[in-house]
*Asks:* 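Here it is, the structure, as structure tokens.
Keep in mind the model is a prediction, meaning the values are calculated, not measured.
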Amino acid sequence: MSTARSDKTLLFLEDDCDLQALVCTFLRDRGYQVTPARTADEAREVLRSRPMDAAIVDGLLPGMTGADFIRELRKTRPDLPVLFASAFWKDLKSHELLTRQLGVARVVHKPYRPEELAVWLEQLFAAARPPPPPQEALEADAPAPADDFAASLALLSADYGAKLPERLATLQALLGKGRHGDAAALDEAYNAVHKLHGTAGSYGFRDVSIAAGALEDALRPVKTGGALDWARVDAGFRALEDRVSLPVLTPEPEPEEAVVSAMGTLLVVDEDAAVLADARQMGEREGVRVVTAATPQEACAAAERQWVDGALLHMGPAGLATASALRAMEGHQSLPLAFSSSGGGLQERVHAAHAGASLFLPRPFTQQDFATAAERLVATRRLERAKVMVVDDDPEAVRALSQVLVSDAVEVVGLENAYGLLDALAQHRPDLLLLDVQMPGPSGFDLCRILRLTPEWQDLPILLITAQVGLEFRLAAFQAGADDYLAKPVLKEELRARVHARLERARLSRERTERDALTGLMLRRPFVEAVGTRLSEARRSDKPLALCFLDVDHFKKVNDQHGHLAGDRVLMRLGRLLGARFRREDLRARWGGEEFVVALLGESAESAKDILSRTAEELAAMSFEGDAGETFHVTFSAGLAVAPRDGTTLDELLRAADARLYRAKENGRNRIETE
């Protein structure tokens with residue numbers, strides 16, 4: 001983080017006074033002149049009375065949204081840089097609205113750390129920054145050291161934490177009034193939870209923020225006019241109460257992140273400068289950002305400055321020391337590691353495994369070796385949040401198991417009625433199922449057998465929970481199709497270990513059988529199966545489903561003029577670009593050759609075209625290197641079809657999208673046709 005003093009003036013529009021205090025303290029310590037405002041009227045007065053170099057605007061303000069304020073602001077200050085902060089607005093359509101139509105420079109998602117804002121502000125003002133003053137001037141006019149803010153943050157966080165029980169009591173009272181029909185109290189409760197969700201994480205209380213976010217989701221019908229599910233609200237409040245009651249005296253620090261590359265960032269540590277240079281070149285070809293270091297000290301400094309998805313280390317005493325040092329850093333305990341060695345004997349592999357490596361490469365490693373390592377390490381570091389479903393007729397058991405498993409990496413869905421299992425599976429699509437054996441109605445054995453007879457769920461990992469552990473039970477469990485079982489009382493550490501092991505094995509199995517090796521996207525067969533499920537979901541929820549066929553323009557010419565390896569690099573980077581965009585529920589696949597297909601649930605032709613146009617622009621801006629070292633660019637053409645307008649089956653949608661793809665090519669390529 002730079003500590004150069006700034007003369008930049010900032011408007012900070014945020015109605016949460018706690019977050020205001022934290023951010024203003026931090027930014028002023030960095031030399032910014034920050035003027036806070038809690039309402040749109042206060043912000044208008046600030047803008048009328050003094051010039052501002054930038055504004056930070058919250059997404060939800062008293063009486064209006066942050067987007068509406070920015071829309072109004074653009075009438076008088078069209079060029080004012082704006083950072084937009086919100087717990088919502090996380091999908092591509094919203095990002096498009098904010099950045100393209102409203103001219104927002106950066107969207108920051110709550111909960112954020114003050115350091116994150118400082119990173120974006122430094123980037124925002126980098127172009128206009130004057131030359132650095134002489135060293136003696138810096139020493140004479142240096143801002144307070146970072147340790148001063150750390151001490152201030154500790155005091156602010158301790159004060160915030162001390163007030164959490166009081167806030168919880170107020171929230172409980174508001175919910176009590178709302179339960180008896182007080183609409184104003186419910187609205188106030190929603191606003192209080194919204195602020196807690198956005199602010200607690202900024203003060204370091206991440207678990208409180210996550211629990212508040214879940215309760216906010218449960219209370220959202222207050223804003224939309226729907227009916228509240230009070231059981232869900234009560235469960236959300238209890239979870240929040242549990243997080244607040246934890247004896248957290250010092251909030252857990254989070255690693256400061258620099259800009260994260262969509263294709264991944266790999267730290268390569270090697271004492272050989274030639275190897276580091278080769279790794280940087282390989283990274284450019286693969287679309288992976290490579291950060292290099294020659295010593296353990298340099299590696300730790302690099303990992304502290306920026307986010308890295310994994311580290312590739314040279315086997316030897318220095319490499320093992322680097323692995324130990326990296327894993328000892330806060331926030332890097334699970335950093336994925338790979339080692340390379342010219343020997344590769346059993347003893348070296350044992351040392352690598354003990355050091356926590358998940359991959360071992362030959363030395364010197366080839367372009368393909370590097371690509372494999374980068375893809376594996378990035379995928380491990382950026383896993384999508386896995387979903388676990390817990391089925392037990394005892395709500396307390398569901399709650400206890402959920403609390404043990406829920407984390408940043410695992411989402412838990414509870415189900416207390418076994419008869420609703422199939423519908424719940426179709427709705428939530430979990431990655432693993434925890435079943436209690438003894439329940440009213442169908443037992444865990446019965447449910448396990450039913451799922452193993454259903455093609456869609458034959459491969460779903462299932463763990464049974466039971467008080468019985470005898471031989472007969474174990475035989476019955478495995479004969480019913482269970483993957484594993486846990487004995488009551490369940491030990492927390494054992495439950496986490498078994499669940500995470502099964503999730504990881506299931507993920508690796510899916511990667512091998514359902515993913516295209518070059519692009520990392522789904523293959524045709526699993527895509528077809530998944531789209532069938534999405535179409536059924538679209539019909540049930542009366543939502544559209546957009547299907548897009550896209551094809552790299554003049555791909556044969558790419559192979560002929562630049563080489564087949566260059567063509568593979570184009571397909572690989574397009575695949576990774578598609579994989580890094582969109583939502584978790586959206587489907588992306590390599591259909592064959594240079595053809596790809598994307599399915600977007602809930603999107604119309606217009607919104608899907610807007611989303612894909614952004615991807616097309618990103619691809620067109622990428623530079624590719626031919627086999628002879630020359631630079632070239634590519635584009636794609638696409639055809640869009642939407643259910644039910646263009647058909648209700650996959651075949652009908654594919655035919656319509658294919659015809660429009662052909663029309664896009666006839667009309668000049670580098671375009672998306674929707675009619």
*Asks:* A side-chain contact here means heavy atoms from C-beta on lying under 4.5 Å apart; do L228 and L219 qualify?
*Replies:* yes
*Asks:* Work out which heavy atom in G178 is nearest to a heavy atom in L186; give both atom names and the distance.
*Replies:* CA-CG, 3.5 Å
*Asks:* Please report the C-alpha distance between V410 and H500 in whole Å, then the side-chain angles of each, then the deciding distance to 0.1 Å, and finally whether the side chain to side chain contact (heavy atoms under 4.5 Å, CB included) criterion is met.
*Replies:* CA-CA 9 Å; V410 176; H500 283 289; 3.6 Å; yes
*Asks:* Using side chain to side chain contact (heavy atoms under 4.5 Å, CB included), reason through L495 and L401 one step at a time and then give a plain yes or no.
*Replies:* CA-CA 9 Å; L495 174 63; L401 292 169; 3.6 Å; yes
*Asks:* Check whether any side-chain heavy atom of L425 sits under 4.5 Å from a side-chain heavy atom of P430, and report yes or no.
*Replies:* yes
*Asks:* Quick check: closest heavy atoms across A656 and D646, and the distance to 0.1 Å?
*Replies:* CB-CB, 4.2 Å
*Asks:* Might you point out which heavy atoms bring C548 and A638 nearest each other, and give the distance in Å?
*Replies:* SG-CB, 3.6 Å
*Asks:* Taking R498 first and then D483, would you say they form a salt bridge - that is, a charged N and a carboxylate O separated by under 4.0 Å?
*Replies:* no
*Asks:* Would you mind reporting whether L240 and V208 have side-chain heavy atoms less than 4.5 Å apart?
*Replies:* yes
*Asks:* Is S607 reaching over with its side chain to a backbone N or O of E603, donor-acceptor style, under 3.5 angstrom?
*Replies:* no
*Asks:* Between CG of L171 and CG of L215, what distance do you get to the nearest 0.5 Å?
*Replies:* 6.0 Å
*Asks:* Is the shortest heavy-atom distance from the side chain of T649 to the side chain of L535 under 4.5 Å?
*Replies:* no
*Asks:* If we check side-chain contact (heavy atoms from CB on, under 4.5 Å) with L464, which of these qualifies: L435, L447, L486?
*Replies:* L435
*Asks:* Examine distances only and state if a side-chain atom of R452 and a backbone atom of Q458 form a donor-acceptor pair shorter than 3.5 Å.
*Replies:* yes
*Asks:* As an exercise, state the distance from CG of L577 to CZ of F596, rounded to the nearest 0.5 Å.
*Replies:* 10.0 Å
*Asks:* Return yes if some donor-acceptor pair links the side-chain N/O of K387 with the main-chain N/O of H428 below 3.5 Å, else return no.
*Replies:* yes
*Asks:* Crowded around Q438 CD? As in, over 12 foreign heavy atoms under 6.0 Å?
*Replies:* no
*Asks:* For the residue pair Q172 and L175, establish whether any side-chain heavy-atom pair is separated by less than 4.5 Å.
*Replies:* no
*Asks:* Charged N to carboxylate O below 4.0 Å: is that the case for R429 and E456?
*Replies:* yes
*Asks:* Work out which heavy atom in P544 is nearest to a heavy atom in V642; give both atom names and the distance.
*Replies:* CB-CG1, 3.9 Å
*Asks:* Run the numbers on L545 and E537 for side chain to side chain contact (heavy atoms under 4.5 Å, CB included), then give the verdict.
*Replies:* CA-CA 9 Å; L545 182 140; E537 184 179 345; over 6 Å; no
*Asks:* Do R655 and D658 sit within salt-bridge range, that is, some charged N less than 4.0 Å from a carboxylate O?
*Replies:* no
*Asks:* Which heavy-atom pair separates L405 from L434 by the least distance, and what is that distance?
*Replies:* CD1-CD1, 3.6 Å
*Asks:* Around atom CG of D459, are there more than 12 heavy atoms from other residues, nucleotides or ligands closer than 6.0 Å?
*Replies:* no
*Asks:* R588 side chain to L578 main-chain N or O, any donor-acceptor pair under 3.5 Å?
*Replies:* yes
*Asks:* Would you say the side-chain atoms of R238 pair up with the backbone N or O of R399, donor to acceptor, closer than 3.5 Å?
*Replies:* no
*Asks:* Closer than 4.0 angstrom, basic N to acidic O: yes or no for K177 and D182?
*Replies:* no
*Asks:* In sequence, state the C-alpha distance, the side-chain angles, and the governing distance for D15 and N191, and then conclude on side chain to side chain contact (heavy atoms under 4.5 Å, CB included).
*Replies:* CA-CA 11 Å; D15 70 320; N191 291 334; over 6 Å; no
*Asks:* Nearest 0.5 angstrom please: F445 CZ to T466 OG1, how far?
*Replies:* 6.5 Å
*Asks:* Which distance, rounded to the nearest 0.5 Å, do you find between the SG of C448 and the CG of L463?
*Replies:* 10.0 Å
*Asks:* Does the side chain of W457 come within less than 4.5 Å of I450's, by heavy atoms?
*Replies:* no
*Asks:* Are the side chains of V404 and V499 in touch, meaning some heavy atoms are under 4.5 Å apart?
*Replies:* no
*Asks:* Is the shortest heavy-atom distance from the side chain of L451 to the side chain of L421 under 4.5 Å?
*Replies:* yes
*Asks:* Just by distance, do the side chain of R524 and the backbone of W591 share a donor-acceptor pair under 3.5 Å?
*Replies:* yes
*Asks:* So how far is it from T648 OG1 to R539 CZ, rounded to the nearest 0.5 Å?
*Replies:* 6.5 Å
*Asks:* If you compare all heavy atoms of A67 against all heavy atoms of F84, which two are closest, and at what distance to 0.1 Å?
*Replies:* N-CE1, 3.7 Å
*Asks:* From D18 CG over to L196 CG, what is the distance, rounded to the nearest 0.5 angstrom?
*Replies:* 9.5 Å
*Asks:* Determine whether a donor-acceptor pair (N or O, by modelled atom type, separation under 3.5 Å) exists between the side chain of R590 and the backbone of L521.
*Replies:* no
*Asks:* More than 12 heavy atoms of other residues, nucleotides or ligands under 6.0 Å from CZ of R505: yes or no?
*Replies:* no
